[in-house]
Amino acid sequence: MTVHCFTSISYSYLNRARVLGETLKRHHPEWTLWLCITDKEPEGFTFNVADEPYDEVLFAGDLDIPNIQAWLFKHDVVEACTAVKGLVLERLTQSGAEKIFYIDPDIAIFASLQPMVEMLDDASVLLTPHQLEPDHEIQSIYDNEICSLSHGTYNLGFVAIRNDNVGRAFARWWCDRCTRFCYDERDKGLFVDQKWCDLVPAFFENVRIVRDPGYNVASWNLNKRKIDITGDGQILINGTFPLRFYHFTKLGPIGDTMTRRYAGDNVEVYELWAWYKRKIDALTDPRIPNGWWHYGYYSNNVPIPKEARVLYRYREDLRSAFPNPFDASQGGYLAWYENDITVSA
């Protein structure tokens with residue numbers, strides 16, 4: 001069985017992708033791992049996939065994106081690194097892979113994912129919900145259920161397909177929606193790729209919702225998933241289910257706050273986080289500036305505000321006038337935008 005798996009990053013997330021790659025290779029050395037990078041190297045750093053726990057690398061420029069400079073400018077870093085996921089998934093359907101997994105870079109693998117490989121013997125698409133059972137306290141209903149209504153039922157830090165007619169149809173559809181509509185605009189019903197996948201069980205046959213609580217454990221479901229570590233080192237969920245993968249989302253104060261809120265006195269959760277933070281520190285390259293993203297700046301190193309991206313996103317006249325809005329060498333979109341802001345004020 002040929003399994004390919006990919007993740008998507010900017011260079012500021014390379015440390016996380018290294019943890020994912022290492023833990024995946026430990027359990028699945030037979031898989032082909034792909035890294036998609038939507039970024040350019042900072043000065044003084046050179047990327048070499050041979051030094052990484054990945055077999056193949058793709059850059060955004062390798063993908064079939066017309067007018068790529070304009071396309072990139074319309075997205076912030078999270079939107080851009082998410083938007084390429086559908087393009088990579090569809091491309092990998094042509095790679096000879098029989099089964100294809102996407103896993104977020106801020107996930108670590110703690111046990112074999114072979115049960116999911118076997119699920120794809122019958123299913124064409126696998127999805128993991130944020131929650132598997134209702135909440136009852138007001139705070140957790142707001143944090144979890146209402147948040148899922150806003151952000152999407154399924155956590156798209158993971159998706160997997162079988163490379164059959166249904167899997168390929170899903171990949172084509174998701175590729176189109178991610179390429180054209182991968183924006184964080186919740187007032188329009190969009191949260192990058194996640195809200196789209198609420199439609200998947202209605203649009204496609206053979207979709208399996210993975211209800212095993214050992215998959216996609218994260219701060220938003222810790223109140224329903226107690227973690228125990230046995231004497232022989234096994235990590236179990238609710239005393240029975242092996243922890244397959246943990247989603248270390250929002251590394252930093254937000255992640256710490258939500259983890260404390262829902263882990264409570266489950267000390268094993270904090271042990272996992274401490275391990276992850278040590279791994280991230282060990283695999284961080286000091287040559288990559290904190291928060292680096294090449295496409296976060298105009299060509300003269302002026303930061304690009306989100307408002308400038310959104311305006312360009314919805315103005316066809318601006319996209320025609322400034323096909324490469326990053327280019328500030330002759331004023332370009334930057335000069336027009338700053339003048340427009342001044343006049344509007």
Side-chain angles (χ1 to χ4, degrees), residues 1 3-7 16-33 53 98-123 125-135 144 153-162 207-251 255 258-259 262-280:
M1 183 59 61
V3 179
H4 288 211
C5 180
F6 73 100
T7 195
R16 293 160 175 81
R18 286 170 168 167
V19 178
L20 171 63
E22 280 190 7
T23 56
L24 261 173
K25 281 294 188 184
R26 184 176 307 135
H27 295 284
H28 292 285
E30 76 282 8
W31 288 15
T32 300
L33 304 190
E98 297 170 77
K99 298 174 181 180
I100 305 166
F101 286 66
Y102 169 79
I103 301 177
D104 259 0
D106 55 356
I107 284 174
I109 312 302
F110 290 95
S112 171
L113 301 185
Q114 185 61 27
M116 282 188 148
V117 176
E118 294 171 2
M119 290 176 201
L120 288 172
D121 289 341
D122 301 312
V125 181
L126 300 181
L127 295 172
T128 52
H130 286 100
Q131 285 88 37
L132 294 172
E133 55 186 293
D135 283 299
N144 299 326
T153 300
Y154 307 103
N155 185 267
L156 266 293
F158 167 87
V159 66
I161 68 167
R162 186 168 81 226
V207 177
R208 177 161 177 173
I209 310 305
V210 180
R211 299 188 55 78
D212 183 323
Y215 297 96
N216 231 336
V217 180
S219 59
W220 51 79
N221 51 43
L222 285 173
N223 59 334
K224 302 292 185 181
R225 306 190 195 188
K226 185 177 186 299
I227 295 179
D228 292 298
I229 302 176
T230 67
D232 61 357
Q234 290 187 72
I235 307 175
L236 299 178
I237 304 299
N238 298 338
T240 303
F241 302 91
L243 171 63
R244 303 288 178 178
F245 61 86
Y246 194 105
H247 200 153
F248 293 95
T249 192
K250 303 292 185 186
L251 180 64
M258 297 306 293
T259 299
Y262 288 111
D265 60 359
N266 189 175
V267 296
E268 289 84 350
V269 173
Y270 305 109
E271 291 179 16
L272 286 183
W273 269 99
W275 167 84
Y276 187 71
K277 290 174 180 178
R278 289 195 301 270
K279 290 293 291 182
I280 291 296

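What's counted below: heavy atoms across the whole structure, side chains too, no hydrogens, waters or symmetry copies. On a predicted model such as this, the values are computed, not experimentally measured, just so you know.
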Shortest non-hydrogen pair, D135 vs K224, comes out as OD1-CE, 3.6 Å
Does any non-hydrogen side-chain atom of P242 lie less than 4.5 Å from one of I235? no
Name the orientation class of the two ring planes belonging to W31 and H28 (parallel below 30°, tilted from 30 to 60°, perpendicular beyond 60°). parallel
F245/F158 aromatic ring centres below 6.0 Å: yes
Would a distance-only check, ignoring hydrogens and angles, find a side-chain to backbone donor-acceptor pair under 3.5 Å from S219 to T259? no
Which is it for C5 and I103 under the side chain to side chain contact (heavy atoms under 4.5 Å, CB included) test, yes or no, and what are the steps along the way? CA-CA 7 Å; C5 180; I103 301 177; 3.8 Å; yes
Side chains of F110 and R26 in contact at under 4.5 Å (non-hydrogen atoms): no
Would you give the length of the straight line joining atom CH2 of W273 to atom CD1 of I280, rounded to the nearest 0.5 angstrom? 9.5 Å
Is the W275 ring parallel, tilted or perpendicular to the F248 ring (thresholds 30°, 60°)? tilted
Under the side chain to side chain contact (heavy atoms under 4.5 Å, CB included) criterion, do M116 and R244 qualify, and how do the steps go? CA-CA 10 Å; M116 282 188 148; R244 303 288 178 178; over 6 Å; no
Tightest non-hydrogen contact, residues Y246 and V269, listed as OH-CG1, 3.8 Å
Non-hydrogen side-chain atoms of I107 and N216 separated by less than 4.5 Å: yes
Side chains of Y154 and H130: closer than 4.5 Å at any heavy-atom pair? no
Side-chain heavy atoms of L272 within contact of L243, under 4.5 Å: yes
Quick check: closest heavy atoms across A123 and R208, and the distance to 0.1 Å? CB-CB, 3.7 Å
Distance col, row N155:CG vs Q131:CD, nearest 0.5 angstrom, shows 9.5 Å
What verdict does the side chain to side chain donor-acceptor pair (under 3.5 Å) test give for D232 and T230, after you've listed the backbone C-alpha separation in whole Å, the side-chain angles of each residue and the deciding distance to 0.1 Å? CA-CA 5 Å; D232 61 357; T230 67; 2.3 Å; yes
Rounded to the nearest 0.5 Å, how far does CG of L113 lie from NZ of K99? 12.5 Å
One should read off an interatomic distance between L132 CG and D212 CG, to the nearest 0.5 angstrom, of 8.5 Å
Kindly compute the distance separating CG (D106) from NE2 (H247), expressed to the nearest 0.5 Å. 3.5 Å
V210 side chain near L127 side chain, heavy-atom distance below 4.5 Å: no
Closest heavy-atom pair, V125 versus L120, reported as atoms and distance to 0.1 Å, is N-CD2, 4.4 Å
Might you point out which heavy atoms bring G214 and F241 nearest each other, and give the distance in Å? N-CB, 4.4 Å
Where is the tightest heavy-atom contact between L33 and G21, given as atom of each residue plus distance? CD1-O, 4.0 Å
Does any N or O in the side chain of N266 come within less than 3.5 Å of the main-chain N or O of A263, such that one atom is a donor and the other an acceptor? no
Measure the CG-CD1 distance between D228 and I237 for me, rounded to the nearest 0.5 Å. 8.5 Å
Take L222 and V217 through the side chain to side chain contact (heavy atoms under 4.5 Å, CB included) test and state the conclusion after the steps. CA-CA 7 Å; L222 285 173; V217 180; 4.0 Å; yes
Would you mind checking if D265 and K226 are paired as a salt bridge, meaning a charged N to carboxylate O distance below 4.0 Å? no
